[in-house]
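To start, the structure itself, in structure tokens.
Position 1 is the first residue of the sequence; numbering continues from there.
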Amino acid sequence: MTDTTTPRRPVRIGNASAFYGDRLGSLKAMVEGGPVDVVTGDYLAELTMLILWKAKQKDPETGYARTFLTQFAQVARTCAERGIKIVVNAGGLEPAGLADQVRAIAHAAEVELSVAHIEGDDLVQRLPQLQAAGNWFRHLDTGVTLKDSGAQPISANAYMGGWGIAAALTRGADVVITPRVTDAALVLGVGAWWHGWERTDFDALAGAVAVGHIIECGPQATGGNYSQIHEVTDRRYPGSPIAELAHDGSFVITKHDGTGGLVSPGTVTAQLLYEVDSPVYLNPDVVAHFDTLQLTQEGVDRVRVTGATGSPPPPNLKVAMNYIGGYRNTMTLVLTGLDIEEKARWATDQLFEILGGRASFDDVDVQLLRYDRTAPARLSEASAHLRITVKDRDRKKVDRAFSNAVQELAVAGYAGFHTTTPPSSASEFGVYWPTVIPATVIEQVVVYEDGSRETIADCPWTDDRYFGVIPSVEPTSSNDDFGPTTRRPLGAVVAARSGDKGGKANVGVWTDTEERWDWLRKHLTSEKFTELVSDAAGLEVRRYEFPNLRALNFVVVGFLGEGVASCTRTDPQAKGLGEFLRATYTDIPDKLTGAF
């Protein structure tokens, strides 16, 4: 176990990237804005591996997050002078290639920075062998095996843990480039190196996972994408988050002085609930139990988090696969004035008569988006959109043959016909396939500056209690009398944060007092959620409670179809779903109203 008699001071970790394409100047601002020991960067959303694969088809020398090179060039000299370490998953599909480019930049800047990279996540070439050995790669949501689906993945990457990062830093690496590790692994690896944790220091490791989850999306922890807009009085671009991670796994979330945004228990709670399922948060190195965390405002823009508990990790690693699903095209028709629904039916019928019927495509999605109002005072208040998407494995069917057919309605259909864009071409879309594989199948390897390689051992202690779907939690009683009620928007007493996880959407909601929490947990059942969010009707809704945060989390399975790359919703990552829920009206006790 770790020697806690003379613990090292907390390590100060800043995160400067939330996704590939995030603010280019964030790394420079983090390095130069104040003291930090390590800067992490998360570049790999679920969609990113598909984006990087497409980039690699055009240029085999790429396959990594190229923006990191620009960012690194801005800070290489400063990092060398101040001894700041950098740990990023920008390696994507080509961590070795990115590491070489980083070394070239350091050399050009005339600084000595040791660069290591990590390998072992990429399974795409091994899939036939692994399937022959009995690894069925069942889809986590549908249970269908990869073989039965007929899909041919173009990327398949296991989510590895953070001990390769810890090993690289221990051997003196200044920059660590990783491929597909978990978002939280970036921080866990840093904490394990800095504090000398052992593989069985599960509580401390769980604290590091909580840190990684909070800061992975950058300014979302410091006032960005925050539903309680009135709390954010400094509307400048939010400063990127910084965590001060202590040897026992407790930590403080903060940001550089003089930066915009806000760090409060609310902004931290929002990020803890972002894109999770139950309070049991599985990672390759530890299972972190988020229902034991306690948040305290310690000072201005400083929130202390304590109470992290962890248990041994599951025996399996999550694997993210992508395959090409075919081609898609979307055209949006504008409907104006009266008879909106009748105009939409007529346009749809006319279009598919021209195209040979809906059955001639693999998939058709038609959405009538109502923006019109009764007694409009301006043109924008009288308009609605008819959004038609077609998908097919045959590009010709959904290319200009489709969009040109839409234009054939221009003078032959409903009055006021026009579209939001000219005829468009088809685009290729990918399908996300989440699955698992035994951790023993994956060999994480650290490759050092001198070319030497170090294999990272698997965790010898695993626990499969939490593997699979955690059962939903519903209130035991909802008949309490909270007094007179009035129909009000749920957001009058509830905050929210929503997002995506493959084809699932999640909505975390929380409130601020024990009395409001008592009402919320009894009122907002899965049934009530589906009543308020009618788009969830017919789908599985999982409900989880986080009493320590006065929060609920709802997971809607299949809400986003087969994931963001193929989803036909106007909000394919469910970013606005939480705000929609807050805008819905329900019966709220009068005594619970007031400032929140």
Where [X] and [Y] come nearest, the two heavy atoms and their spacing:
{"X": "P313", "Y": "P284", "result": "CB-O, 3.2 Å"}
{"X": "Y544", "Y": "P279", "result": "CB-CD, 4.0 Å"}
{"X": "G92", "Y": "L52", "result": "CA-CD1, 3.7 Å"}
{"X": "C567", "Y": "R328", "result": "O-NH2, 3.0 Å"}
{"X": "G63", "Y": "K56", "result": "CA-CB, 4.2 Å"}
{"X": "A565", "Y": "F429", "result": "O-CB, 3.5 Å"}

In a table with atom names and distances, give each donor-acceptor pair under 3.5 Å that connects a side chain of residues 287-295 to protein atoms at least two apart or in another chain.
residue, atom, partner, partner atom, Å
H289, NE2, S311, OG, 2.9
T292, OG1, H289, O, 3.0
T292, OG1, G307, O, 2.8
T292, OG1, T309, N, 3.4
T292, OG1, T309, OG1, 3.1

Looking only at atom types and distance, does a side-chain atom of [X] sit under 3.5 Å from a main-chain N or O of [Y], one as donor and one as acceptor?
{"X": "H195", "Y": "L245", "result": "yes"}
{"X": "W136", "Y": "K147", "result": "no"}
{"X": "Q101", "Y": "G97", "result": "no"}
{"X": "K28", "Y": "E32", "result": "no"}
{"X": "W433", "Y": "L140", "result": "no"}
{"X": "N157", "Y": "P179", "result": "no"}

May I ask you to check if [X] and [Y] form a cation-pi contact, with NZ or CZ under 6.0 angstrom from the six-membered ring centre and within 45° of the axis?
{"X": "R171", "Y": "Y448", "answer": "yes"}
{"X": "R199", "Y": "W461", "answer": "no"}
{"X": "R66", "Y": "Y20", "answer": "no"}
{"X": "R304", "Y": "F251", "answer": "no"}

### Query
Does anything in residues 272-284 pair up under side-chain hydrogen bond (donor to acceptor under 3.5 Å, both in side chains), and if so which pairs, sequence neighbours excluded?
T182-N283, H213-Y281, Y274-K575, D277-K504
### Query
Which of these, I456, I118, D285, I165, sits in a side chain to side chain contact (heavy atoms under 4.5 Å, CB included) with M160?
I118
### Query
Hey, which of L113, D174, V88, V175 is the one that makes side chain to side chain contact (heavy atoms under 4.5 Å, CB included) with V102?
V175
### Message
Counting only heavy atoms from other residues, nucleotides and ligands, does the tally under 6.0 Å from CG of D450 exceed 12?
### Response
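Above 12, so yes.
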### Query
With a cut-off of 6.0 Å (strictly less than), are more than 12 heavy atoms of other residues, nucleotides or ligands near CZ of R82?
yes
### Summary
R180 meets the salt bridge (charged side-chain N to carboxylate O under 4.0 Å, His left out) criterion, sequence neighbours left out, with D183
Assess, by modelled atom type and distance only, whether the side chains of [X] and [Y] contain a donor and an acceptor separated by less than 3.5 Å.
{"X": "N15", "Y": "T40", "value": "yes"}
{"X": "Y432", "Y": "E46", "value": "yes"}
{"X": "D59", "Y": "T62", "value": "no"}
{"X": "T254", "Y": "D301", "value": "no"}

### Task
Mind checking the CG-OG spacing from N225 to S498? Nearest 0.5 Å is all I need.
7.5 Å
If the threshold is 4.0 Å, N to carboxylate O, is there a salt bridge linking [X] and [Y]?
{"X": "E449", "Y": "R103", "value": "yes"}
{"X": "D463", "Y": "R465", "value": "yes"}
{"X": "E244", "Y": "R9", "value": "no"}

### R12 side chain reached by P35 side chain, heavy atoms, under 4.5 Å
yes
#### Entry: Criterion salt bridge (Lys or Arg N to Asp or Glu O under 4.0 Å) on R453 and E119, from CA distance to verdict
CA-CA 10 Å; R453 303 170 67 87; E119 300 175 349; 3.1 Å; yes
